[in-house]
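Taking it in order: structure first as structure tokens, then the write-up.
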Amino acid sequence: MDHYRVAEVDGLSFSYKHTPLFKDLSFSLERGNIYGLLGKNGAGKSTLLKLLGGQLFAQGGTLSVMGENPQRRTPSLLGEIFYLSEEFPLPRMKSQQYLAMLTPFYGRFDHERFAQYAAEFDLDLLQRLDQMSLGQKKKYLLAFGLASNCRLLIMDEPTNGLDIPSKRQFRQIVASAMSEERTFVISTHQVRDMEALIDPIIILDQGRVIFNEGLDTLTDAYVMDLVSVDPGDDVLYKEKVLGGWMVLRSRAQGQSGQSLDLETIFNILVEKGGRL
């Protein structure tokens, strides 16, 4: 496995009973990145995260995470993965008991860093975990995952339940915890909340990855323009907006235009099947 690659997926297939979800799914993840995983409802984002974390097993093809098959769930691999799911229970205990129970599984867990993150999130570590609000629970688990120093941190809709100041804290703390040796994968519908944090972008659509690149590959090549009349079909993409139509065109040298935002990029690529 390439030293820079954290995960390699080749020809993977997965179904729920008789409903196929993935067939011949292939892509790779490289270390040192904060990936954004996007897709419509039902595209399989949560399933893909669970496959990467060894919580679900592929039914065909190959999946390698840090050179190992996550299906084997070896302690060496699980100690390098932290999975923050969208829905989670926390036990009827306080933080001190929780840390004593779980930190031995993470050999590089940094207790000082955990205390720092907890303070930044304004968490009461004397409160019982199951009595925390949804947002507090998410911040607690995020602080734990970041302090674990694991190499692969997987987050499913991490900003759901967070208020606006907490979302800003989330972005700042995640960015500060990033290093060349770590890889974060964030699945989200909150595109505008995550736009300044996630890059590269992975887009799932109809059981396949239609995009897995840095945003600059598109923002350097295309711009949006506002026109007053319907441009017809002779454009790469158009969208009706207040005051006219937003159209996508190639960025020729020296030409100006509105930069593409992540939400627009997602809509264009899904409509175009990943091709422009």
At their closest point, which heavy atom of T217 faces which heavy atom of E213, and how far apart are they?
CG2-OE1, 3.3 Å

For a quick test of reading the model, state the closest non-hydrogen atom pair linking A58 to L12 and the distance between them.
CB-CD1, 3.7 Å

Could you go step by step and tell me if F121 and L162 meet the side chain to side chain contact (heavy atoms under 4.5 Å, CB included) rule?
CA-CA 11 Å; F121 279 136; L162 299 185; over 6 Å; no

Return the minimal non-hydrogen interatomic distance between A118 and A143, and the atom names on each side.
N-CB, 4.3 Å

Work out which heavy atom in Q190 is nearest to a heavy atom in T159; give both atom names and the distance.
CG-OG1, 3.4 Å

Are the side chains of M93 and M101 in contact, using a 4.5 Å heavy-atom criterion?
yes

What about the rings of F114 and Y140, do their centers lie closer together than 6.0 Å?
yes

For D230 and K238: C-alpha separation, side-chain torsions, deciding distance, then whether salt bridge (charged side-chain N to carboxylate O under 4.0 Å, His left out) applies.
CA-CA 9 Å; D230 187 343; K238 65 178 181 180; 2.9 Å; yes

Have H189 and N41 got a donor and an acceptor in their side chains that come within less than 3.5 Å?
yes

Distance (rounded to the nearest 0.5 Å) between I201 CD1 and N33 CG
10.5 Å

Taking C-beta and beyond as the side chain, do L52 and L29 meet within less than 4.5 Å on heavy atoms?
yes

We want to know whether Q116 and E120 form a side-chain donor-acceptor pair, criterion being a heavy-atom distance below 3.5 angstrom.
yes

Between the CD1 atom in I34 and the CE atom in M194, the distance rounded to the nearest 0.5 Å is 9.5 Å

OG/S187 to CG/L204 distance, rounded to the nearest 0.5 angstrom?
8.5 Å

Within this structure, what is the CD-CG distance for the pair Q71 and L56, rounded to the nearest 0.5 Å?
10.5 Å

Does K23 have more than 12 heavy atoms from other residues, nucleotides or ligands lying within 6.0 Å of its NZ?
no

F27 vs L48, side chain to side chain contact (heavy atoms under 4.5 Å, CB included): CA-CA, chis, key distance, verdict:
CA-CA 11 Å; F27 69 97; L48 180 56; 3.9 Å; yes

Under 4.5 Å between any side-chain heavy atoms of F22 and V9, yes or no?
no

Check whether L84 and L102 end up in the same hydrophobic cluster, where Ile, Leu, Val, Met, Phe, Trp and Tyr are linked by side-chain heavy atoms less than 4.5 Å apart.
yes

Let me check something: do F82 and I173 share a hydrophobic cluster, defined by ILVMFWY side-chain heavy atoms less than 4.5 Å apart, either directly or through other members?
yes

Assess whether a salt bridge exists between R171 and E195, defined as any Lys/Arg side-chain N lying under 4.0 Å from an Asp/Glu carboxylate O.
no

Is the gap between the ring centers of Y222 and Y237 under 6.0 Å?
no

Reference residue F144; test ring-ring contact (aromatic ring centres under 6.0 Å, His included); the match among F105, F109, Y83, F88:
F109

Evaluate side chain to side chain contact (heavy atoms under 4.5 Å, CB included) for S95 paired with Q127, printing each intermediate quantity in order.
CA-CA 8 Å; S95 176; Q127 183 181 11; over 6 Å; no

Can you check whether E30 reaches T183 side chain to side chain, under 4.5 Å on heavy atoms?
no

Looking only at heavy atoms, which two atoms of K45 and G39 are closest? And how far apart?
NZ-O, 3.0 Å

Find the distance between CD1 (I203) and CG (L262) and round it off to the nearest 0.5 Å.
7.5 Å

Any non-hydrogen side-chain atom of E80 less than 4.5 Å from a side-chain atom of R108?
yes

Residues in ring-ring contact (aromatic ring centres under 6.0 Å, His included) with F184, at least two apart?
none

Salt-bridge test for E181 and R151: reply yes if a basic N is under 4.0 Å from a carboxylate O, no otherwise.
no

Find the distance between CE (M132) and CG (D124) and round it off to the nearest 0.5 Å.
6.5 Å

Please tell me whether L236 and I268 are part of a single hydrophobic cluster in this structure, the criterion being side-chain heavy atoms less than 4.5 Å apart.
yes

Below 4.5 Å, heavy atoms only, C-beta onward: do F170 and L197 meet side chain to side chain?
yes

Would S76 and E68 count as a side chain to side chain donor-acceptor pair (under 3.5 Å) if you check the C-alpha gap in whole Å, the side-chain angles of each, and the deciding distance to 0.1 Å?
CA-CA 9 Å; S76 60; E68 297 190 44; 3.0 Å; yes

Tell me, with the steps shown, if N149 and R113 meet side chain to side chain contact (heavy atoms under 4.5 Å, CB included).
CA-CA 10 Å; N149 284 310; R113 190 61 60 87; 5.8 Å; no

Report yes or no: do L78 and M155 belong to one cluster of Ile/Leu/Val/Met/Phe/Trp/Tyr joined by side chain heavy-atom distances under 4.5 Å?
no

What one should report as the nearest heavy-atom pair of A147 and Y117 is N-CE1, 3.8 Å

Between D122 and K139, is there a salt bridge with N-O shorter than 4.0 Å?
no

Could you check whether any side-chain heavy atom of L51 comes within less than 4.5 Å of a side-chain heavy atom of P70, counting everything from C-beta outward?
no

State yes or no: do V229 and L248 share one hydrophobic cluster built from I, L, V, M, F, W and Y residues joined by side-chain heavy-atom distances below 4.5 Å, directly or via other members?
no

State, yes or no, whether a side-chain contact exists between L142 and V174 at a heavy-atom distance under 4.5 Å.
yes

